[in-house]
Amino acid sequence: MPELPEVETMRRNIEKSLIGRTVVRYELLSPFLLRHSSLPTLDPIVGKNVLGARRRAKILMIDFEGDLTMAMHSMLAGQIAIIRADDSRLVAGHPFPSPTGEFPAKMTHLTVWFDDGSQFYFSDIRQFGWIRLAPTEAIQAFVESMAFGPEGIGKDPVDVDTLIRGLSRRRIPVKTALLDQKLLAGLGNIYVDEALHRAKIHPSTPANQVPLEKMPALLDAIQWALTEGLRQGGAKVIHTKAYPIDNFPEVHGREGEACPVCGTTIIKVRVGQRGTYLCPNCQPLPEGVMPPQGARTRGSRPVDE
DNA sequence: TGCGTTGTTTCACC
DNA sequence: CGGTGAAACAACGC
């Protein structure tokens with residue numbers, strides 16, 4: 001699931017290989033990708049030079065000459081593969097289709113050819129991802145309207161005061177609060193589980209019950225998880241199963257395996273409707289907090305007794 | 001075959 | 001009114 005580290009890796013890959021390149025042609029096999037776009041086709045990028053690549057939260061933006069910006073959200077399963085003229089590859093995002101396999105793959109929805117022989121492929125097995133093409137200013141306004149909080153890592157990252165302000169008034173599970181991109185931008189289901197495990201906090205802990213003195217450690221843990229993910233160019237998780245590299249991720253996608261810290265069996269629970277992995281020994285529930293409930297069925301209500 | 005999957009929006013409720 | 005929980009939505013693999 002492309003979160004900050006995966007999307008940032010996409011951005012760097014574009015910066016490394018496509019800046020200054022001109023679009024020769026493109027093939028969009030799923031016009032559905034443009035369902036939110038103000039411009040109905042990608043025709044305006046043909047003949048245009050790539051000026052840069054930016055990222056805000058999990059949104060990737062490619063700037064073209066002519067005040068044109070293509071914004072992309074990978075959602076569950078987006079992947080960007082760049083194959084250069086010398087056949088070298090830069091692949092980031094969802095690890096399926098196989099980065100070493102043939103492109104375009106079955107689930108490749110967009111191919112863009114550049115003047116130096118490079119090809120750019122956007123694949124998405126789920127097709128939840130989207131692409132918006134619009135004047136740079138309009139994309140800017142759209143991104144601002146999202147009211148994202150500070151980035152988890154990078155320039156001007158989230159600080160402990162923001163974390164405290166964002167958590168101390170809320171009774172929702174701390175995991176749910178940390179997934180709110182308006183509090184801080186970049187965490188998704190993988191890295192939030194990793195951060196809470198590192199900080200030894202149970203994901204169901206009400207946000208306002210996380211002790212103040214644990215906040216610096218939580219901030220460190222968030223930044224550790226995102227940095228570690230970025231270092232490896234994104235975590236490898238396919239169909240909820242992790243394929244750890246250097247033992248990362250430590251808990252996410254590893255139900256039934258031994259916690260790398262204490263050896264206790266990692267369990268999977270649901271927190272705020274999300275599959276959540278944790279070590280019951282490293283991350284005990286605080287006194288007085290009810291264990292996470294199973295997902296309530298549609299239309300049912302909690303029973304008061 | 002219906003469930004699980006995510007980020008985001010929307011909506012009902014208190 | 002704002003905080004909250006949860007459904008809806010997008011599409012597909014298992």
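Within every chain, numbering begins at 1; the chains are lettered A, B, ... in the order of the sequence lines, protein sequences first and strands thereafter.
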So which protein nitrogen or oxygen atoms get under 3.5 Å of nucleotides 9-11 of chain C's nitrogens or oxygens?
{"from": "dA11(C)", "atom 1": "O4'", "to": "Arg126(A)", "atom 2": "O", "distance (Å)": "3.0"}

Record whether the side chain of Arg274(A) comes under 3.5 Å of the base of dG7(B) through a donor-acceptor pair of N or O atoms.
-> yes
What is the distance from CZ of Arg171(A) to P of dC14(B), rounded to the nearest Å?
-> 14 Å
Over how many whole Å does the gap from His36(A) atom NE2 to dG7(B) atom C1' extend?
-> 11 Å
Side-chain hydrophobic cluster, 4.5 Å single linkage: members besides Ile238(A) = Tyr243(A)
Result block: side-chain N/O donor-acceptor pairs under 3.5 angstrom for residues 279-286 of chain A, not counting sequence neighbours:
{"from": "Gln283(A)", "atom 1": "OE1", "to": "Cys279(A)", "atom 2": "N", "distance (Å)": "2.9"}
{"from": "Gln283(A)", "atom 1": "NE2", "to": "Leu196(A)", "atom 2": "O", "distance (Å)": "3.4"}
{"from": "Gln283(A)", "atom 1": "NE2", "to": "Ile201(A)", "atom 2": "O", "distance (Å)": "3.0"}

Apart from Val261(A) itself, what residues make up its hydrophobic cluster when side-chain heavy atoms of I, L, V, M, F, W and Y under 4.5 Å apart count as a link, directly or indirectly?
-> none
State which of dC14(C), dA7(C), dG7(B) makes the closest approach to the side chain of Gln273(A).
-> dA7(C)
May I ask you to list the residues sharing a hydrophobic cluster with Tyr277(A), side-chain cutoff 4.5 Å, ordered by chain and number?
-> Val251(A), Ile266(A)
Sub-4.0 Å heavy-atom contacts from residues 135-170 of chain A onto DNA chain C, ordered by number | Arg169(A), Arg170(A)
Which of residues 172-191 of chain A have a heavy atom under 4.0 Å from DNA chain C?
-> Ile172(A)
Please tabulate, one pair per line, all N/O donor-acceptor pairs under 3.5 Å involving side-chain atoms of residues 73-81 of chain A, not counting sequence neighbours.
{"from": "His73(A)", "atom 1": "ND1", "to": "Met75(A)", "atom 2": "N", "distance (Å)": "2.9"}
{"from": "Gln79(A)", "atom 1": "NE2", "to": "His94(A)", "atom 2": "O", "distance (Å)": "2.9"}
{"from": "Gln79(A)", "atom 1": "NE2", "to": "Pro97(A)", "atom 2": "O", "distance (Å)": "2.8"}

List, by chain and then residue number, the residues other than Ile139(A) in its hydrophobic cluster (Ile/Leu/Val/Met/Phe/Trp/Tyr, side-chain heavy atoms under 4.5 Å); write none if there are no others.
-> Ile59(A), Met61(A), Trp130(A), Phe142(A), Val143(A), Met146(A), Phe148(A)
What is the distance, rounded to the nearest whole Å, between atom NE2 of His239(A) and atom P of dC3(B)?
-> 17 Å
Whole-Å distance separating the CD1 atom of Ile238(A) from the P atom of dC14(C) = 11 Å
Path from Phe64(A) to Leu39(A) over hydrophobic side-chain contacts below 4.5 Å = yes
For Arg11(A), salt bridge (charged side-chain N to carboxylate O under 4.0 Å, His left out) partners two or more places apart | Glu8(A), Glu15(A)
Partner residues of Asp115(A) under the salt bridge (charged side-chain N to carboxylate O under 4.0 Å, His left out) criterion, sequence neighbours left out | Arg21(A)
Is there a donor-acceptor contact under 3.5 Å linking the side chains of Gln140(A) and Arg54(A)?
-> yes
Quick one: label Lys268(A) by what it contacts on the DNA or RNA (base, sugar-phosphate, nothing), any heavy atom closer than 4.0 Å.
-> sugar-phosphate
Only counting residues at least two apart or in another chain, list the ones meeting salt bridge (charged side-chain N to carboxylate O under 4.0 Å, His left out) with Glu257(A).
-> Arg254(A)
